[in-house]
Amino acid sequence: MSKLALPFVSSLALVMTAGLAAAQVPAGYPADYAQTIDAAKKEGKVVVYGTTDAAAANFLVKDFEALYGIKVEYNDLNSTELYNRFIAEAAAGQGTADVTWSSAQDLQIKLVNDGYASAYKTPEAAKIPSWANYKDSAYGVTYEPVAIVYNKRLVPADDVPKTHADLLKLLQSKPDFYKGKVTAYDPERSGVGYLFFTQDDMAWKQAWDLFKAFGKTEIKLYTSAGAMIERTTSGEHLIGYGVFGSYALSRSKKDPNIGIVLPKDYTLIASRVAFLSNKAKNPNAGKLFLDYLLSKRGQTIIANQAELYSLRDDVEGEATVAKVKEQVGDAIRPIQINGDLAANLDTVKRLKFLKQWQAAMKGQ
Amino acid sequence: MADLVIDNIKLRYGSVEILKGVSMTLEKGQIVALLGPSGSGKTTLLRCVAGLEEPHEGRIVIAGKTLFDGARGINLAPEERGLGLVFQSYALWPHKTVFDNVAYPLRLRGVSGSDVKTRVAKALDSIGIGHLAARFPHQLSGGQQQRVALARALVYEPPVILLDEPLSNLDAKLREEARVWLRQLISELGLSALCVTHDQVEAMAMADRILLLNGGVVEQQGTPEEMYGRPASLFAAEFMGANNRLAGKAANVTPSGAALLLGDARLEGLPCGPVRDGEDAFGVIRLERVRVADGPGPNRLRMTLTAEMYLGERYELLFTRGDASVRIFSPARIKGGDHWLEFPQDALWVCAAA
Amino acid sequence: MPFALFRAAVLAIMASAVLAPIGLIVYQSFLDGPFFQPNVHFSLEAFQFVLEDDDFWEALVTSIIVAGGMTAIAVPLGVVLAFLMARTDVPGKSFLEPLILVPIFMSAVVLAFGYVVALGPVGIFSTLFKDVFGVVPWSIYSVTAITIIAGLTHVPHVYLYTSAALRNLGADLEEAARTTGASPWRVAVSVSLPMVTPAVLYAAVLIFFLGFELFGLPLVLGDPKGILVLATYLYKLTNKLGVPSYQLMAVVVVAIILIAIPLVYLQRLLLASSQKYVSVRGKAAKRSPLRLGGLRWPAFALIVLWFVVSVGIPVFGIALRSVVVTWGEGVKLAEVLTLAHYRDLVDYPNAINAIVNTILIGTVGGAISVGCYTLVALAMHRWRSGWTRVADYLVMIPRSMPGLVAGLAMLWLFLFIKPLTPLRATLVSVWVAYTVVWLAYGVRLVAGTMLQIGPELEEAGRSVGATRGRVARDVTVPLARTGMLAAWLLIFLIFVREYSTGIYLLGPGTEVIGSLMVSLWGTGAIDLVSALAVINVLIISVGLGLALRLGVRLHG
């Protein structure tokens, strides 16, 4: 089909559905939202760059398309790729993502601070916890506990740590058994790893004792969750520290060998951050998609199909705030989506932390 | 008018000079042979004419059209020269049939389809391989391949045809037949041809004129008779024909005569190239010019028969005298022992040894 | 069109295709921020930072060790393999021949992960070994292991160059040595091998260079211990500073280019000296192979052993992983078998699309690429000019960019060069990126075939009145056809496993298997990764088998 024909066909589709638009304004949204919907339908599509894998995202994409009849072009990228691609495209003015949605929270905040975002107060704002709203521009979308995974076959039941302190004690009491058997993200090579470990540092005064214990047991550090989980279930490693609960959850459904612990002393909550690009070609469709991600409908899919953990307390299902609280009570510690995250990227601070980390890895 | 003029061509590869200023002419209807040992530059000269090598100096003109002129910076591409070239390996395109090989030059010239058919058929018929048109080169014998290569070079009627060792890939028997056939064909078609060969017999049999090259320069040129009968240097004398060589000293050198002193014996001959009295010299004489005499006399040496070889139509006999040895042809076997051999004065060339 | 014009045009297009990304990278290395942002300045800070970074030097040293080590392993083994295959009566040649080339076409990440499943600390073979002997004496997470595996998997490159040289060697040269009283083995060592030395050295330089761009193997096998090579150092660099800093990556690429240039120079020297040998080569007549006698089967076993270790084991590992739920210590494989991963794959969004795109870019894209390489090869063919030297360097330079950076540079080009922007979201952009990065390989393949055509066949065309262009069309290309088909096959196989160059150009609808694998790897969906890898291997095998069945010969 020629390029000319495409807009024609899609606008034809718009004409046919236009009459329904007014009726679609979700409950509780301002009446003028209908105009946004109409404009979005004229745009016809929304381009999303996300780090969520396509399989999980696909549930949201399909439902959104069904809801509005607006096509979603979902690009599945890793967080560095997403950042590289987004800033280059924005600079070239060739059109880029309308919505970016990334697990690299710090990079997302940096992009907002660097002026790549379009401020937009979502009608869902009231339902979103304040830690997940950055200047009415960027929003946390998920509520993913950072978990400890372990191999159910090979870790003795008594050894399974319930808290960070348990893990520290375990490593101190059975250093030989766990030598080379613990794994985590490498903060030197992985942005997520760096983020989690600095959050540990802030959340728990014994964090560095744990890191030193890691060093003494010759922890194996990886750059991807895949490598960590795979090697934990195979028994090459026994305990995986600081893994996205969402990945662990979906793996554990297929593989009975993987056990998940949400530490009871404190559980970090990571959240994939989304914002609207100010270079968007489809700004209205972008708004619709962002609002949808945060809406009860979208969050229900996040909780029950995408298994990414829903952020809203009014959503029911397996991967929800309620379920996390059921396990760890009030010991939840969401990573605050605020300006401090951008400071995380400060080179001097980073190099200082990493130097300390290297010492800890030598057990010092 | 000369069909082809080559004027002072020089060519080098890197620092090695291959041609050091070669000049020659080819008259219309003539065959000129470029003769010389390997490394003499004869093939390089041919390739210069074809445009496959680029000299750095000199001029090449065909029928008034300048193909190459070092001074004026003219160097026509091979395809612009319109010459016919037959390669030593024949260079038939293995992916084309005989017909397509021969038709290709015509197609390049925009000849219409039906004309191509008739002209190719005519060319193939004229050299007796009309029945092979549909075959591929690898299905042909060496002799047949050679004819196809020739047909390909002739089909577009080039003014001059260049032949690079055209017979060297044929076996001995076939080569003699092909020689005659080729000579006949060229004169029948009234072609002008430049033919590279290292075989002096082939050169003499085929060519109207011979250009003898040695180390990148022309050693001598002339008709086969001149080249054979009146060599201008030791190299020319020895390159042509089968020769005897006698080492001695030159004496009594004049423009029309020279003597060769062999110890106490003395032979009268003709000077060949620059030679001075008292200088070390070689006497060179063709095998067929030495004959057995009935007794002593001028220009005769007494020598001992030491070996004889039967060659079929004649005998070759080897005589020795001290270090010197002489071979002769004889129609019949002769008795062993000493004989007097005569070296006719007009057949013995006295050349400086250096 | 006059040939000189064609030549100039081809050279100009090639130069811009190569120099645009490289130039961009070099330019970027002298800035203090992304080149496309306002307020960037000329700066040498990036060089200073990298040169003062201990990790850079560690990575450089490791790269040199790995490159040197793999060369030391691949070259002798490749020569032995080539000699056995080209010169002896080792059994099963026709069946071994295509197998030997397989490692070239295996994605390194796939191979590496296969080794983890098979020979890792709790790998299938490791646990078997441990059950019997009590310990696992090897570790695949070490520089040594990376070097050995890289060496084994690069054997085919040496094999290709050496066997071609051996086949071109005149039988009469060897026969002459035999008649003077040398035994077959003596001939091999004292005549044949010295004659192919330039080809072997040429391959050695190539392998050494390939050692510097090694990425997949160290990424997977170096991960647990944090072993860094230059290409993986780029990753660490990004994270160290929090945000990707292109100027630092660019500096690393400049460093690799600086390593590459003398290597290309060395290759040119070696090529020149190998031509010295060509001029004395004898007739390439049919010869009878050397009789190995009692060594026939041990030689066969050696080849098979090499193949099993470098391809069989990892492919077995990955194939096994694709049909089990879990694996490792204490798992009874019979209880965890499943085909669910393949079913999941079919349901995975765009997976089928990716498979189709991969095949498309391999077949159609590969064919067009070979067409482009042919134009370049024709332009350079039998050209006595200093420009060929320029072209040699141009062709080689794209290989200096690790895929990660090449991909980024390609994105920039398609973003910031206006005429290219409409192509960005199409498979064409991916194809362009692949074609440029594999230029060196492709042009060498095609040019090599063309050089085997007797020059007089082309001269004959000129002398009967065909222009250079006509000769190229009517003589050179038709005669190089089988070689070009082989080139197509090789390029197909390479494009099927390639992805990193296109990573930033891929989008919805244009994904390929390789990119899908990487994004799945990141989220831990190893189930799907291994299923995809198996499909990738199948595509490669089918492509190879089909081509060989159709009579494509891998060398003439």
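Any value given below was found using the heavy atoms of this structure, including those in side chains, with hydrogens, waters and symmetry copies removed.
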Exercise. Select, from A:Lys110, A:Lys220, A:Glu236, the one with the greatest count of heavy-atom pairs under 4.5 Å involving chain C.
Key: A:Glu236
Quiz item: What part of C:Trp412 lies closer than 4.5 angstrom to a heavy atom of chain A: side chain, backbone, both or neither?
Solution: side chain
Quiz item: Given a strict heavy-atom distance threshold of 4.5 Å, which part of C:Phe113 is in contact with chain A: side chain, backbone, both, or neither?
Solution: side chain
Quiz item: Relative to chain A, which of C:Leu411, C:Thr232, C:Leu219, C:Val243 shows the most heavy atom pairs under 4.5 Å?
Solution: C:Val243
Quiz item: Given that the side chain runs from C-beta out, which part of A:Tyr74 has a heavy atom under 4.5 Å from chain C: side chain, backbone, both or neither?
Solution: backbone
Exercise. Would you mind telling me which of A:Ala56, A:Pro256, A:Ala57, A:Ser190 has the largest number of heavy-atom pairs within less than 4.5 Å of chain C?
Key: A:Ser190
Quiz item: Ring centroid separation for C:Phe129 and C:Trp138, is it under 6.0 angstrom?
Solution: yes
Quiz item: When the aromatic ring centroids of A:Phe64 and A:Phe289 are compared, is their separation below 6.0 Å?
Solution: yes
Quiz item: Side chain, backbone, both or neither: which part of C:Val529 has a heavy atom under 4.5 Å from chain A?
Solution: neither
Practice problem: Would you please indicate if the ring centroids of A:Phe244 and A:Phe196 are separated by under 6.0 Å? | Solution: yes
Exercise. Any salt bridge (charged side-chain N to carboxylate O under 4.0 Å, His left out) involving residues 338-350 of chain C? Give me the pairs, sequence neighbours left out, ordered by first then second residue.
Key: A:Lys254-C:Asp344
Quiz item: Using non-hydrogen atoms only, which part of C:Tyr348 is less than 4.5 Å away from chain A: side chain, backbone, both, or neither?
Solution: side chain
Exercise. Taking atom types as modelled, find out whether A:Gln358 and A:Glu188 have a side-chain donor-acceptor pair closer than 3.5 angstrom.
Key: yes
Practice problem: Go through the atoms of C:Phe414 and report whether side chain, backbone, both or neither lie under 4.5 Å from a heavy atom of chain A. | Solution: neither
Practice problem: Consider only side-chain N and O atoms of A:Asp106 and A:Tyr194, and report whether a donor and an acceptor are under 3.5 Å apart. | Solution: no
Quiz prompt | Contact class of C:Leu415 relative to chain A, heavy atoms under 4.5 angstrom | solution = both
Self-check item: Region of A:Asp255 in contact with chain C, defined by heavy-atom distances below 4.5 Å
Solution: both
Quiz item: Checking C:Leu241 against chain A: side chain, backbone, both or neither under 4.5 Å from a heavy atom?
Solution: both
Exercise. May I ask you to check whether A:Phe353 and A:Phe197 place their ring centers less than 6.0 Å from one another?
Key: no
Exercise. Measure the OG1-CZ distance between A:Thr183 and A:Phe214 for me, rounded to the nearest 0.5 Å.
Key: 9.5 Å
Practice problem: Looking only at non-hydrogen atoms, find the nearest pair between A:Glu144 and A:Ser246 and report the distance. | Solution: OE1-OG, 2.6 Å
Quiz prompt | Verdict with supporting geometry, C:Ser322 and C:Tyr342, side chain to side chain donor-acceptor pair (under 3.5 Å) | solution = CA-CA 8 Å; C:Ser322 75; C:Tyr342 288 92; 2.7 Å; yes
Self-check item: Lys/Arg-Asp/Glu bridge criterion (N-O < 4.0 Å) met for C:Asp223, A:Arg189
Solution: yes
Quiz item: Looking at A:Val47, A:Thr223, A:Asn344, which one has more heavy-atom pairs under 4.5 Å with chain C than the rest?
Solution: A:Thr223
Self-check item: Option that, when pairs with chain A are counted at under 4.5 Å, heavy atom only, ranks first among C:Pro121, C:Pro224, C:Gly123
Solution: C:Pro224
Quiz item: Hey, which of A:Leu221, A:Ile258, A:Leu351 has the most heavy atom pairs under 4.5 Å with chain C?
Solution: A:Leu221
Quiz item: Looking only at heavy atoms, which of residues 78-93 of chain A get nearer than 4.5 Å to chain C?
Solution: A:Thr80, A:Glu81, A:Tyr83, A:Asn84, A:Arg85, A:Ile87, A:Ala88, A:Glu89, A:Ala91, A:Ala92
Quiz item: Can you name the closest pair of heavy atoms from C:Ala409 and C:Pro21 and give their distance?
Solution: CB-CB, 4.0 Å
Quiz item: Are any of the side-chain nitrogens in C:Arg321 or C:Asp527 under 4.0 Å away from the carboxylate oxygens of its partner?
Solution: yes
